[in-house]
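The structure under discussion appears below in the form of structure tokens.
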Amino acid sequence: MAEYWYYADGFEERVQEQLHNNPEAEVDLDFAIPEKDFNTAGKGSSELKNLLKRLGVDSDVLRRIAVASYEAEINVAAHSKGGVMKSAVHDDLIHVRFEDDGPGIADIEQAMIPGYSTADDLVRELGFGAGLGLPNIKKNSDAMHIVSDIGSSTLLEFFIFFG
Amino acid sequence: MTLRDIVALLEAEVLYPEADLEREVPCAFASDMISDILMCTKEPTLLLTGLTNNQVIRLSDMIDLSGIVFVRGKKPLQDVIEMAAERGLPIISTKFTLYRCSGILYNSGLRSCKI
């Protein structure tokens, strides 16, 4: 399996510590993401944002989480056979995991290049396929991790700290 | 500039009667690509677009949109208009092209959003 890690400056240790200690989340929120269902796609991210707003997360951080989550949710709906979005809200951070049923990313480094897209015509007609999904997730995250391979499932997770 | 001013400048139609047109609009962004629009995370933004599907309204859950101008005579379907109304998101439609709308608003002093 190919693996990709991105850390914003100064976050590698905090993220690895989080993964190592694996503390129980304060709140868990899961959503199914059906394949090519663009009526539902994005609802998970909307509801996640509403929850975090109620919990008092700062509005700039909130927008970063919402944009990263929405892009990842759309990616699963647009490019995979469907999957799930699992959000774990901790005291000081949010950890969101997207797991799908394949078909996997052929070349993760290439998929990270702004403007590169494999979106089909249906997806493009809706205004997606700018080739900015993964770059937008990276831009808004403190850390991002992808594990994938062609013919396999994809895991994408990101971490955003509240302060 | 308020949305009411923008409706007049673009000879636009307001797509639901309760839309709040007194809202002050600080800046605008024009695109037909959703990921481009998601770069506008820094301030409330007026969006000019030819996209009319429900995901355009969904975007306003993620980022702060002051309103949406549908260009080239496009109008979303009723269920999409209702989604906007539920969110209190003003939406208007104009026959002008994206380029013309951008030129008119820019010349009238509406600046481009920070990205």
Side-chain angles (χ1 to χ4, degrees), chain A residues 33 36-53 58-75 77-79 96 111-117 119 122-141 160, chain B residues 26-66 68-72 74-89 91 93 97-98 101 113-115:
Chain A
I33 310 172
K36 297 279 198 293
D37 177 359
F38 292 104
N39 281 319
T40 314
K43 269 192 189 164
S45 300
S46 290
E47 293 202 18
L48 176 62
K49 188 179 177 191
N50 286 337
L51 167 73
L52 295 172
K53 196 173 179 180
D58 166 77
S59 64
D60 284 343
V61 177
L62 207 52
R63 266 197 297 276
R64 286 171 52 216
I65 295 168
V67 170
S69 171
Y70 177 81
E71 289 280 19
E73 194 178 351
I74 293 297
N75 272 350
H79 297 288
V96 191
M112 288 305 304
I113 298 171
Y116 178 79
S117 173
L122 164 79
V123 170
R124 284 177 197 273
E125 261 170 40
L126 292 170
F128 303 113
L132 288 173
L134 293 177
N136 264 352
I137 299 168
K138 179 177 168 182
K139 182 178 133 192
N140 286 291
S141 300
I160 296 176
Chain B
C27 64
F29 186 82
S31 178
D32 284 353
M33 306 263 5
I34 282 174
S35 285
D36 283 350
I37 300 163
L38 286 172
M39 295 194 299
C40 302
T41 54
K42 297 207 166 51
E43 51 191 336
T45 302
L46 177 74
L47 172 64
L48 291 91
T49 188
L51 287 175
T52 55
N53 65 70
N54 67 350
Q55 291 296 331
V56 173
I57 311 297
R58 183 86 69 210
L59 285 182
S60 74
D61 294 345
M62 314 302 156
I63 59 174
D64 194 355
L65 294 181
S66 319
I68 302 179
V69 181
F70 297 106
V71 299
R72 304 190 288 274
K74 294 197 174 190
K75 279 182 204 170
L77 296 174
Q78 192 55 37
D79 57 337
V80 175
I81 295 175
E82 279 163 20
M83 269 180 83
E86 279 165 20
R87 286 162 171 76
L89 174 69
I91 51 174
S93 172
T97 63
L98 185 57
C101 291
C113 279
K114 298 185 195 106
I115 58 164

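Counting only distance, with no hydrogens or angles, the side chain of B:Gln55 and the backbone of A:Ala41 share a donor-acceptor pair below 3.5 Å.
For B:Asn53, the part lying near chain A is the side chain, with the backbone staying farther off; criterion is any non-hydrogen pair under 4.5 Å. If you measure heavy-atom distances from B:Ile63 to chain A, the contacts under 4.5 Å come from both the backbone and the side chain. Both the backbone and the side chain of A:Lys43 come within contact range of chain B, judged by heavy atoms closer than 4.5 Å. For a residue to count as touching a neighbouring chain, one of its non-hydrogen atoms must lie under 4.5 Å from one of that chain's; by this rule A:Asp60 does not touch chain B. Heavy atoms of B:Ile37 lying under 4.5 Å from chain A are absent altogether. Of the atoms belonging to A:Ser117, not a single heavy atom falls under 4.5 Å from chain B. Of the two parts of A:Leu62, neither the backbone nor the side chain holds a non-hydrogen atom closer than 4.5 Å to a non-hydrogen atom of chain B.
The CG atom of A:Asn136 lies 12.0 Å from the CD1 atom of B:Ile34; values are rounded to the nearest 0.5 Å. Between A:Tyr70 atom OH and B:Asp61 atom CG the span is 9.5 Å, to the nearest 0.5 Å. Here the straight-line distance linking atom CE of B:Met39 with atom CG of A:Leu132 works out to 6.5 Å at 0.5 Å rounding. To the nearest 0.5 Å, the span separating CG on A:Leu126 from OG1 on B:Thr52 amounts to 9.5 Å. The CZ atom of B:Arg58 sits 9.0 Å away from atom OG of A:Ser45, with the distance rounded to the nearest 0.5 Å.
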Legend entry - Derivation and outcome, side-chain contact (heavy atoms from CB on, under 4.5 Å), residues B:Leu38 and A:Glu71: CA-CA 9 Å; B:Leu38 286 172; A:Glu71 289 280 19; 3.4 Å; yes
Inset, instruction - Any chance you could lay out the side-chain contact (heavy atoms from CB on, under 4.5 Å) test for A:Arg63 and B:Lys42, step after step, and finish with the verdict? - result: CA-CA 9 Å; A:Arg63 266 197 297 276; B:Lys42 297 207 166 51; over 6 Å; no
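Within 6.0 Å of NZ in A:Lys36 there are more than 12 heavy atoms belonging to other residues, nucleotides or ligands.
For the options A:Gly133, A:Gly131, A:Ala130, A:Pro135, heavy-atom pairs under 4.5 Å to chain B are most numerous at A:Ala130.
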